[in-house]
Amino acid sequence: MNYDVVIGLEVHAQLSTLTKAWCQCEISVSAFENTKVCEVCSAQPGTLPVYNKKAIEYAIKLGLATNSRINKVSVFDRKNYFYPDLPKGYQITQFQTPVAENGHLDIFDDEGNIKKVGIQRIQMEEDTGKSSHLGEKSLINLNRSGTPLLEIVSEPHMSTAKEASSYLKKLHSILVYLGICHGNMQDGNFRCDVNVSIKPKGSEKYGTRTEVKNVNSFRHVEMCIEHEVQRHQQILDSGNKVLQQTLLFDVETKATKVLRTKSDADDYRYFPEPDLLPLIISDSEIQKVQDNLPELPDAKIKRFILDYGIPAYDANVLTAEKELANYFEAALKNYEGEAKKMSNWIMVELLRYLNEAGTSIERSPVSPNSLAGLLNAINSGKISGKQAKDVFLKMYDSGHSADVIIKEMGLEQISDEKMITEIAQKIINANSVNVEKYKAGNERIFGFFVGQVMKETNGQANPSLTSEIIKRLLG
Ligand code: ADP
Ligand code: MG
Ligand code: ZN
């Protein structure tokens, strides 16, 4: 390809406060339509908004966790536009001065190197209501109206679909680690607008971007970037110009379609919100939040690599979700072998079954302790690695411990030296012809004796111990 790809992402994260941004209505996705609504969030004349202190604390948390500068004074602005799900006729947002600016996140690029992706700004704002369409009728539900949002605007620093989804996964993981966003993409807790442009390779000047609105899964973000890059390329190659448009991603056709064509910047007639004082954040407030930050993904990754000696890739996968990281550490508590082996079993077996079943690690039918038991059974030679896969499957289906399943399946390896020696001696005594052949130099006959012991023990004899014993008996 003769072009460089430029990607910038805008994320809207719904904050998991109990109540809305400017009123005390409860936030609930499951409540009956229009039951979580008051005078403020339905925009009755004469009502006034009041800050939700928790939402401000959450904004500071994210600012600090993304290496951003927290602005000591920021201002709320009105973004004016009409839409039926926005009864005020304007959205309260931050335009001139957001609560935090100039941050960055570290991600892995496609070559596995660490890459810094800049964050322009983090601003506080509010969600709208929701409209839905029923035949000829349009319905409005204001339960969501006034839910606090953080909008996180990245610099256009990403250049592949993979990088974009790495950035999103990192941001998502930080929000959930901080406990400030449920991060449920199906419910719209975490939504992403994808900006894409291409420019001739090496050129300084950015090309015209298109913006795909509200893409709600990591996979769809990757798909819509790949689609847009291809589309832009075809347009430029055929000598035409990309139009600055706002698009929607159609999941069915896996293509984008035009929502509206922008004429320069949209004119929202921003002006400072007269009903809210400027937001003033003191050093001591920032310090208090800083002191209470949990261990974040990057710190956990470093610690996992150092303390457990697992590769960076594993550490990255295992820390993507806090619960997964906790599972890994809990499993290591009662496990005596190498951490890398545990990491393999979690990443390859456990996560595969959980993904297939569409469940989360919190609901894993195999507890961390049980998985440790299984791996200990392999390491002590009680069962083979191959048998362990079958045992694991049964553990997953039944929720029973490894020991119970191993007994049930009659898999316990026989490592009783005396017993194997007796069986082997009996076989040697009964096969003097083969013994002669072995002694005459036919080494291939050795396998015959091992096979006979296995047959005698239903395959349960410990193979390496069996070989050792037969060798000794045959002299
Ligand atoms: P708007 O709010 O109108 O969408 P912004 O200036 O806030 O405009 O930019 C939105 C996003 O677009 C940012 O994440 C930014 O990094 C990204 N962006 C800006 N220019 C480009 C470009 N030429 N190509 C790709 N992304 C871009
Ligand atoms: Mg935008
Ligand atoms: Zn309300």
Side-chain angles (χ1 to χ4, degrees), residues 3-12 17-28 31 34-44 47-52 77 79 81 87-88 91-96 98 101-105 117-123 125-129 141-148 151-161 163-164 167-168 171 192-200 203-215 221 224-225 228-229 232 236 241-247 259-268 270:
Y3 301 97
D4 290 329
V5 176
V6 175
I7 303 161
L9 301 171
E10 294 162 272
V11 168
H12 287 95
T17 51
L18 296 176
T19 57
K20 294 186 180 179
W22 329 115
C23 62
Q24 303 208 344
C25 288
E26 183 198 337
I27 297 171
S28 164
N34 293 310
T35 56
K36 302 295 176 191
V37 179
C38 71
E39 297 86 342
V40 175
C41 55
S42 62
Q44 303 304 309
T47 55
L48 290 171
V50 176
Y51 296 133
N52 181 334
D77 297 280
K79 177 181 179 177
Y81 67 97
K88 289 202 296 284
Q91 179 196 34
I92 300 178
T93 179
Q94 297 194 301
F95 182 62
Q96 285 291 349
E101 283 177 283
N102 281 331
H104 71 265
L105 289 184
V117 175
I119 291 177
Q120 270 173 23
R121 53 194 278 138
I122 298 175
Q123 67 197 35
E125 51 184 51
E126 59 177 329
D127 215 341
T128 59
N141 176 8
L142 292 179
N143 283 353
R144 197 179 70 178
S145 164
T147 299
E151 177 170 346
I152 303 111
V153 184
S154 86
E155 297 286 353
H157 283 172
M158 288 147 285
S159 44
T160 68
E163 278 183 16
Y167 165 83
L168 279 182
L171 180 59
C192 179
D193 299 342
V194 182
N195 296 272
V196 184
S197 68
I198 64 173
K199 60 185 174 62
S203 152
E204 292 285 312
K205 202 168 158 276
Y206 285 161
T208 305
R209 72 179 153 126
T210 48
E211 174 173 4
V212 191
K213 282 279 176 198
N214 279 331
V215 191
V221 167
C224 96
I225 290 172
E228 278 303 289
V229 169
H232 286 206
L236 295 187
K241 282 197 173 126
V242 173
L243 296 176
Q244 186 177 348
Q245 287 173 321
T246 304
L247 312 168
L259 190 65
R260 56 180 183 263
T261 302
K262 280 194 179 180
S263 54
D264 283 338
D266 298 318
D267 188 2
Y268 291 113
Y270 284 99

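In each ligand, atom 1 is the first atom listed, and ligand 1 is the first ligand listed.
- The aromatic rings of Y81 and Y268 sit perpendicular, their planes meeting at an angle over 60°, well past the 30° parallel limit.
- Contact atoms of ligand 1 toward P156: 16 (O), 26 (N), 27 (C) (distance under 4.0 Å to a heavy atom of the residue).
- The closest side-chain heavy-atom distance from L168 to V11 is below 4.5 Å.
- Contacts with ligand 1 closer than 4.0 Å are made by side-chain heavy atoms of E211 only, the backbone lying farther away.
- Checking S159, S197, G118, G8 against atom 24 (N) of ligand 1, the nearest heavy atom belongs to S197.
- Which parts of ligand 1 touch G207 is read off a 4.0 Å heavy-atom cut-off, strictly below it: atoms 23 (N).
- For the pair SG of C38 and SG of C23, the angle whose vertex sits at the Zn ion (ligand 3) is 110° to 10 degrees.
- Ligand-side atoms of ligand 1 in range of L9: 14 (O), range being under 4.0 angstrom from any heavy atom.
- R121 contributes no side-chain N or O that, together with a main-chain N or O of E101, makes up a donor-acceptor pair within less than 3.5 Å.
- Shown here for V40 and W22, the closest heavy-atom pair between the two residues is CG1-O, 3.8 Å.
- In T208, neither the side chain nor the backbone holds a heavy atom less than 4.0 Å from any atom of ligand 1.
- Note: no N/O pair closer than 3.5 Å links I7 and ligand 1 by distance alone.
- Of the N or O atoms in Y206, none lie within a sub-3.5 Å distance of an N or O in ligand 1.
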Would you check, one step at a time, whether the test side chain to side chain donor-acceptor pair (under 3.5 Å) holds for T210 with E228?
-> CA-CA 8 Å; T210 48; E228 278 303 289; 2.7 Å; yes
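- Residue S154 approaches ligand 1 through these ligand atoms, each under 4.0 Å from one of its heavy atoms: 13 (C), 14 (O), 15 (C), 16 (O).
- An N or O contact shorter than 3.5 Å is missing between V153 and ligand 1 by distance.
- Within a 6.0 Å sphere centred on CD of Q44, other residues, nucleotides and ligands contribute more than 12 heavy atoms.
- Defined by atom type and a distance below 3.5 Å, a donor-acceptor pair is missing between the side-chain atoms of H104 and E155.
- Side chain to side chain, N195 and E10 meet the donor-acceptor criterion of an N or O pair below 3.5 Å.
- The two atoms that bring A31 and N143 nearest to each other are O-ND2, 3.5 Å, heavy atoms only.
- Angle SG(C25) to the Zn ion (ligand 3) to SG(C41), rounded to 10°: 110°.
- Close contacts between ligand 1 and E155 involve ligand atoms 16 (O) [criterion: under 4.0 Å to a heavy atom].
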